[in-house]
Asks: 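Here it is, the structure, as structure tokens.
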Amino acid sequence: MIFLKTDDEIELLRASNLLVGRTLAEVAKVIRPGVTTKELDKVAEEFIRDNGAVPTFKGFPNPYGAPFPASICTSVNEQVVHGIPGDIVLHEGDIVSVDCGTYMNGFCGDSAYTFCVGEVSAEIRQLLKVTKEALYIGIENAVVGKRLGDIGYAIQAHCESHSYGVVREFVGHGIGKEMHEDPQVPNYGKRGYGTALKKGLCIAIEPMITLGDRHVVMEQDGWTVRTKDRKCAAHFEHTIAVGTGSADILSSFKFIEEVLGDSAI
């Protein structure tokens with residue numbers, strides 16, 4: 001069932017999502033060669049809790065019922081999504097997708113950003129640039145009168161025009177009082193198909209794009225998803241409210257990009 005949000009509910013969603021953006025900015029401050037993904041998780045959890053919220057990812061069950069053991073997902077290089085923070089050391093030239101969720105005042109926030117660790121190759125930076133562009137192109141289609149397929153088509157067309165793979169098995173989602181609500185929001189599709197977009201629909205749009213083949217596999221931990229060919233993947237995510245004429249982006253990369261400065265993608 002799809003739950004359309006009132007204006008007041010959208011403002012509560014915005015507050016949770018802006019906290020996610022501020023949390024990702026705190027994580028951005030400590031990303032560098034030699035840092036472990038577990039250290040990133042510690043920074044994120046402390047910041048979320050210090051600001052009166054709880055991390056929605058921690059304890060969230062996978063389809064097998066296993067709870068996610070951390071507050072953020074940290075997916076390094078060929079890992080696409082749901083990487084578990086741990087003793088993985090970040091190295092010069094790596095990329096790391098950090099996906100973060102918060103729960104505050106009864107509503108969820110969800111956003112992700114893929115960071116460069118030190119100097120990253122031009123080929124990988126281009127993958128990140130195109131994936132981020134695709135996110136905003138998808139958001140441009142999140143307006144009253146269009147359909148979910150228009151969002152997916154726009155993302156897919158942009159990424160495949162650069163010969164990148166578009167992951168099919170994992171998609172965006174509705175968001176509100178629960179982190180994952182209906183509808184699912186694929187990063188591929190056909191124009192004019194799918195659920196009609198209505199004012200008050202709040203969704204997380206999150207392109208997951210691969211440098212090589214689009215196929216993915218699940219690691220033995222039951223969470224981490226990586227590319228089958230072990231080529232790098234990028235992941236950017238915003239939570240938005242469908243609008244008339246233009247979407248309302250409830251999350252923000254502004255805080256992250258203030259930290260990154262000229263090195264931002």
Side-chain angles (χ1 to χ4, degrees), residues 19-21 23-49 53-103 108-118 120 124 128 131 167-173 175 178-180 204 206-211 215-237 239 251 256:
L19 177 57
V20 173
T23 303
L24 290 172
E26 292 300 307
V27 172
K29 292 176 183 178
V30 296
I31 289 178
R32 61 182 181 276
V35 169
T36 66
T37 54
K38 182 164 57 179
E39 292 175 85
L40 305 184
D41 184 65
K42 183 174 184 293
V43 168
E45 180 167 2
E46 288 181 355
F47 189 80
I48 291 168
R49 294 190 186 279
V54 296
T56 46
F57 293 2
K58 196 159 193 177
F60 192 87
N62 67 11
Y64 314 106
F68 192 75
S71 296
I72 57 174
C73 300
T74 52
S75 305
V76 180
N77 295 333
E78 73 270 19
Q79 295 175 348
V80 182
V81 285
H82 305 158
I84 300 173
D87 295 325
I88 297 172
V89 177
L90 298 178
H91 298 284
E92 184 84 14
D94 285 345
I95 56 172
V96 55
S97 161
V98 182
D99 194 351
C100 179
T102 60
Y103 182 79
C108 296
D110 192 5
S111 183
Y113 197 95
T114 302
F115 296 92
C116 297
V117 183
V120 172
I124 301 302
L128 270 56
T131 304
V167 172
R168 304 290 202 275
E169 292 84 355
F170 296 87
V171 297
H173 50 89
I175 186 169
E178 301 292 334
M179 182 168 63
H180 294 149
E206 48 180 321
M208 290 157 268
I209 307 302
T210 65
L211 185 63
H215 295 290
V216 298
V217 297
M218 179 77 72
E219 298 283 21
Q220 290 186 345
D221 62 21
W223 280 103
T224 306
V225 178
R226 68 162 174 84
T227 56
K228 189 173 182 180
D229 61 11
R230 293 194 177 273
K231 292 186 178 180
C232 282
H235 176 213
F236 289 87
E237 177 183 18
T239 291
S251 48
I256 300 166

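The chain is numbered in sequence order, starting from 1.
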Asks: Say you draw a straight line from SG of C100 to CG of L19; how long is it, rounded to the nearest 0.5 Å?
Replies: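 Between atom SG of C100 and atom CG of L19 there are 7.5 Å.
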Asks: For A66 versus W223, what's the shortest heavy-atom pair and its separation?
Replies: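 In this case the closest contact between A66 and W223 is O-CZ2, 3.2 Å.
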Asks: How close do G83 and F68 get, counting heavy atoms only, and between which atoms?
Replies: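 Closest approach of G83 to F68: O-CZ, 3.7 Å.
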Asks: Is P69 close to I84 at the side-chain level, that is, under 4.5 Å between some pair of heavy atoms?
Replies: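 Counting from C-beta outward, I84 and P69 do come under 4.5 Å.
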Asks: Salt bridge check, R226 against E78: does any charged N sit closer than 4.0 Å to a carboxylate O?
Replies: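 So E78 does not pair with R226 through a salt bridge.
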Asks: To the nearest 0.5 Å, how far apart are CD1 in I256 and OG in S111?
Replies: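 Output value for this atom pair is 6.0 Å.
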Asks: Backbone N or O of G222 within a donor-acceptor pair of the N62 side chain at under 3.5 Å?
Replies: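 Such a contact is found between N62 side chain and G222 backbone.
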Asks: Without swapping roles, check the side chain of T102 against the backbone of V20 for a donor-acceptor pair under 3.5 Å.
Replies: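 Absent.
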Asks: Mind checking the SG-CG spacing from C232 to L211? Nearest 0.5 Å is all I need.
Replies: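 C232 atom SG to L211 atom CG measures 6.5 Å (nearest 0.5 Å).
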Asks: Using only atom types and a distance under 3.5 Å, with no angle test, would you say the side chain of E26 pairs donor to acceptor with the backbone of T23?
Replies: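 Between the backbone of T23 and the side chain of E26 there is no qualifying donor-acceptor contact (under 3.5 Å).
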Asks: Do T37 and L90 have side-chain heavy atoms sitting under 4.5 Å apart?
Replies: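 In contact.
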Asks: With a 3.5 Å cut-off and no angle check, do the side chains of H173 and D110 form a donor-acceptor pair?
Replies: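 Yes.
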Asks: Let me see the working for E237 and D99 under side-chain contact (heavy atoms from CB on, under 4.5 Å), right down to the final yes or no.
Replies: CA-CA 8 Å; E237 177 183 18; D99 194 351; 3.1 Å; yes
Asks: Using every non-hydrogen atom in the two residues, find where A233 and T227 come nearest and quote the distance to one decimal.
Replies: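 A233 and T227 have their closest heavy atoms at CB-CG2, 4.1 Å.
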Asks: I'd like to know whether NZ of K42 has more than 12 heavy-atom contacts from other residues, nucleotides or ligands below 6.0 angstrom.
Replies: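 No, NZ of K42 has 12 or fewer neighbouring heavy atoms, counting only those of other groups under 6.0 Å.
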Asks: Checking the side chain of S97 only, and the main-chain atoms of A234 only, is there a donor and an acceptor separated by less than 3.5 Å?
Replies: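 It does not hold such a pair.
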Asks: Backbone N or O of I72 within a donor-acceptor pair of the D41 side chain at under 3.5 Å?
Replies: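 Confirmed, D41 side chain pairs with I72 backbone.
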Asks: Is there a side-chain contact between L128 and F115 (heavy atoms, below 4.5 Å)?
Replies: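 No, side chains not in contact.
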Asks: Considering only heavy atoms from C-beta outward, does the side chain of I48 approach that of E45 to under 4.5 Å?
Replies: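 With C-beta onward as the side chain, the pair stays apart.
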Asks: V217 versus V225: any side-chain heavy-atom pair under 4.5 Å?
Replies: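 Of all side-chain heavy-atom pairs linking V225 with V217, none is under 4.5 Å.
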Asks: Under 4.5 Å between any side-chain heavy atoms of V117 and I95, yes or no?
Replies: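 They are not in side-chain contact.
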Asks: Taking atom types as modelled, find out whether T224 and E219 have a side-chain donor-acceptor pair closer than 3.5 angstrom.
Replies: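 Not at all, the side chains of T224 and E219 share no donor-acceptor pair under 3.5 Å.
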Asks: Kindly indicate whether the side chain of K38, heavy atoms from C-beta on, has any atom under 4.5 Å from the side chain of L40.
Replies: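 No - every pair of side-chain heavy atoms lies 4.5 Å or more apart.
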Asks: Can I88 and T74 be said to form a side-chain contact (heavy atoms from CB on, under 4.5 Å), step by step?
Replies: CA-CA 10 Å; I88 297 172; T74 52; over 6 Å; no
Asks: Step through the shown structure and confirm whether more than 12 heavy atoms of other residues, nucleotides or ligands are within 6.0 Å of CD on E169.
Replies: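 Result for CD/E169: enclosed.
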Asks: Nearest 0.5 angstrom please: F57 CZ to M179 CE, how far?
Replies: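 Separation between the atoms: 5.5 Å.
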Asks: Do we see a donor-acceptor contact under 3.5 Å between the side chains of T36 and E39?
Replies: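 The criterion, which ignores hydrogens and geometry beyond distance, is satisfied for E39 and T36.
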Asks: Quick check: do E206 and F236 have side-chain heavy atoms less than 4.5 Å from each other?
Replies: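 No. Closest side-chain heavy atoms not under 4.5 Å.
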Asks: Go through it in stages, so that I can follow the logic: the residues are V80 and S75, the test is side-chain contact (heavy atoms from CB on, under 4.5 Å), and I'd like the CA-CA distance, side-chain angles, deciding distance and then a yes or no.
Replies: CA-CA 6 Å; V80 182; S75 305; over 6 Å; no
Asks: Working to the nearest 0.5 Å, report the span between CG of D94 and CG of N77.
Replies: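 If I round to the nearest 0.5 Å, the distance is 4.0 Å.
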Asks: Please step through side-chain contact (heavy atoms from CB on, under 4.5 Å) for the pair T114 and V96, ending with a clear verdict.
Replies: CA-CA 5 Å; T114 302; V96 55; over 6 Å; no
Asks: Let me confirm one number: the CZ-OG distance from R49 to S71, rounded to the nearest 0.5 Å.
Replies: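 OG of S71 is found 6.0 Å from CZ of R49.
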Asks: Would a line drawn from the ring center of F170 to the ring center of H82 be shorter than 6.0 Å?
Replies: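 Aromatic pair counts; centres sit under 6.0 Å.
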